[in-house]
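In this text, all values refer to a predicted model and were calculated from it rather than measured experimentally. Reminder, nothing fancy here: chain letters follow the sequence lines and each chain counts from 1.
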2 protein chains.
Amino acid sequence: MPRLAGSSKLLRAINESAALAHLLERGPLTRADLRELTGLSKPTISEALRRLTDAGLARVVGHVSAGPGPNAEVYAASPDAAYAVAVSVRDSGETGTPSVAAAVGDVSGQVRARTEVAVDFLRTDPVAAVTEIVERLRADAGAPASRLAHVQLAVPASYDPQTDSIHHVGVTGGWNRPGLVRELRDRLGTSVGVDNDVNLAAVAERRRGAARDADSFALLWLGDEGLGLAIDLGGTLLRGARGGAGEIGYMPLFAPDGEDRKVDLQDLVGGPAVLALAAEHGIRARTPAAAVAAAAAGAEDAAPFLAALAGRVSVGLAAVIAVLDPPLVVLAGQVGRAGGPALRDAVTAAMARAEPLETTIAVTAIDDDAVLLGALDAGLTTVHEALITSVHESTT
Amino acid sequence: MPRLAGSSKLLRAINESAALAHLLERGPLTRADLRELTGLSKPTISEALRRLTDAGLARVVGHVSAGPGPNAEVYAASPDAAYAVAVSVRDSGETGTPSVAAAVGDVSGQVRARTEVAVDFLRTDPVAAVTEIVERLRADAGAPASRLAHVQLAVPASYDPQTDSIHHVGVTGGWNRPGLVRELRDRLGTSVGVDNDVNLAAVAERRRGAARDADSFALLWLGDEGLGLAIDLGGTLLRGARGGAGEIGYMPLFAPDGEDRKVDLQDLVGGPAVLALAAEHGIRARTPAAAVAAAAAGAEDAAPFLAALAGRVSVGLAAVIAVLDPPLVVLAGQVGRAGGPALRDAVTAAMARAEPLETTIAVTAIDDDAVLLGALDAGLTTVHEALITSVHESTT
DNA sequence: CCAACTGTAAGTAAGACTGACTAACAGTTG
DNA sequence: CAACTGTTAGTCAGTCTTACTTACAGTTGG
């Protein structure tokens, strides 16, 4: 419910925003398309487009001929109206120094530059490191600093916006000092978003992956190291009170007549546990993902291993399904992806044994770096919204 | 993001809606108040109020004198602009016939009539029974049929709007035939909402109970019979794919070295389980709630019983907290209410043992029929929204 | 094969209409 | 008398409708 009120200026702002929003969401459109979409008259659409072009937010990108008559001009949101940078920070194995992946995208969604570097956060301050990477990448993409609108960080941790601090950091170094994000914001001069890496992978999954048509879904991340859960409810991510939703790695499991064994889900399906389980079944590999990939590819005696793994996964999923009842669960992460359809079928079978299953299980459909792409998607969405509301305000 | 566009008519509609929305949410207001809230000018506010009054949606309810000058007129949304009826269907024990509670409320939130009857749904068709109750109650309240805008049903079951069917019904009779709600809608000639009783209790808890100031919260319903979970995320209830979110009674519990014992949460904290646990500790009572009430009141040897019960409750809550991370959990239902602060403290202690607890545990603050009141709150909210959008449309 | 013609659609210009704002004012009350 | 409520009059902003100009595609005739 918009509790909005105002005079004719508001009207112009609304109409102009609507036009821009359609251009951003649906791509290039003619005046006639916009007329159809907004229900506005020809002169009004013309006026709105004129103002948007003057403001540098839209431009003519071509002409289209549809039968007799003059060719209609095709308008699109200017790709270089604004840029977003995504930075994905991750622990690259227990020994290696953390690696940072980053990408710049423009308003049209195009990736304009991309990089990956190793950073030792024990010796480098996160703020300095991130600032430098962002600046270099922006320069590489040829984007003017004034057009850099948003920086989206992905961290293997949870972020609590209320206290502005990052918790459960899986990365070494000064990441968990409070106020870090504010500092970054000040240094970069842009808005800065921080989110859990698994949450951002879910964003990518919704945009371009297996969850494209899902109403809601849960994404279970089975990584080489940790595991995590992202919950997408109709396109909105559930983050929890302190950004701690989906921290199911720490979910204590119930031991019925229980001497407290303190078993949690991480002990069952975390990377080391998967490796150990594989070894028990005679499958040896360097990483959990490799072990699962071998099994999925049909190594001898693979079926029992996959079944055992699927059984463990289903334990965690049972809780998720009982609480949330998502129509779709996507398996992702290095291990999830490696498992492919074989793991998916095993999990489906394991779940069906416990209860009549009405939840679809799917495997991630993203081959690239899901976290980085998701962060970019999220960042660009933020930029889109900022542009739309900026139209609102500039007209005031 | 409003993808709204239009001409001056839209402007009028927006402004008028905004005025009505404020009247509905904040209660009686003067023109000056509305000017402040909407930012509109005096003539515009006057015009909007004139139109709302003409449409029977608002009226002058008094005058207020604030210093010199004429006394300002105080406007309020007409209480009798529309009515909502809430109907709560529940199983009253295993032997008794189901009981139905119902109430009529007006736009101002006032309860105008209320009733409670026993209905044998084995012999009476649900549609006929509900229609009759609604009609009688409406007549009792002196509300004209044309003004009855919405009927909200509360059922001890989950409702799947996609298939228009009610699942897991705890009530006997023809409740689970598909299309029932559509039928009811046709018969009553109003919009009809159906929701799980625990969800609706959560609505009441948010409006007038322990969760009034919470950002989000989970409500754990410990009833004399079943248990349930409602999840409120910033004022929106999470319902799940097929209305099955929060069906944690069926959550299978993990047995570590598991011969499948098929233990679920219902077996641990369902009514019979609570009664049995009480008996083990030498506490005998007719209902689970009575047992817990006795313990909370300080019956001898009560502490170990409460601790054991709290331990079981914490098993279920651990899963909820791991998945959702709510800032607040409210214990409700007959057993939860009976437990009072004693149970709350016991659960808090049990939870703190498992992990550093950042979640507040509270006891319901609603003494009346939470489900019925919540259904009425939900119904009236629907009515408010309908009124606001009707203003939008009537101006078109 | 080319040139002119015809019908259709894109975009613009002009005038009418709607709604909100400002400013001034009449009426009330402490 | 001063301050405040609510109305009236006039103005301004923005969109709509209608009519017009211009451009293009396809067709027809030499």
Which nucleotide in the list D:dT17, C:dG19, D:dC16 gets nearest to the side chain of A:Pro43?
-> D:dT17
So what does B:Thr30 touch, heavy atoms closer than 4.0 Å: a base, only the sugar-phosphate, or nothing?
-> nothing
Pair B:Glu47 + B:Arg12: basic N to acidic O under 4.0 Å = yes
Should B:Asn15 be listed as having a side-chain N or O under 4.0 Å from OP1 or OP2 of C:dA20?
-> yes
For the side chain of A:Ala72, counting heavy atoms from C-beta on, which of D:dT7, C:dA10, C:dT22 is nearest?
-> C:dA10
Of the candidates D:dG14, C:dG30, C:dC21, the side chain of A:Arg12 sits closest to D:dG14
Side chain to side chain contact (heavy atoms under 4.5 Å, CB included) between A:Thr53 and A:Tyr75, worked out | CA-CA 9 Å; A:Thr53 346; A:Tyr75 283 81; 4.2 Å; yes
Of the listed C:dA20, D:dG14, D:dT22, the closest approach to the A:Pro70 side chain comes from D:dT22
Would you tell me if any nitrogen or oxygen in the side chain of B:Thr44 comes within less than 4.0 Å of OP1 or OP2 on C:dC21?
-> yes
When we call it a touch if two heavy atoms are under 4.0 Å apart, what does A:Glu73 touch: a base, just sugar-phosphate, or nothing?
-> sugar-phosphate
Nucleotide nearest B:Ser65 when distance is taken to its side chain, options D:dT17, C:dG30, C:dC21 = C:dG30
Side chains of A:Asp106 and A:Ser108: do they bring a donor and an acceptor to under 3.5 Å?
-> yes
Of the listed nucleotides C:dG19, C:dG11, D:dT5, the one nearest the side chain of A:Arg31 = C:dG11
Of B:Lys42 and A:Gly39, whose nearest nucleotide on DNA chain D comes first from the 5' end?
-> B:Lys42
Result for 5'-nearest mapping on DNA chain D, choosing between B:Ala32 and A:Asn71, is B:Ala32
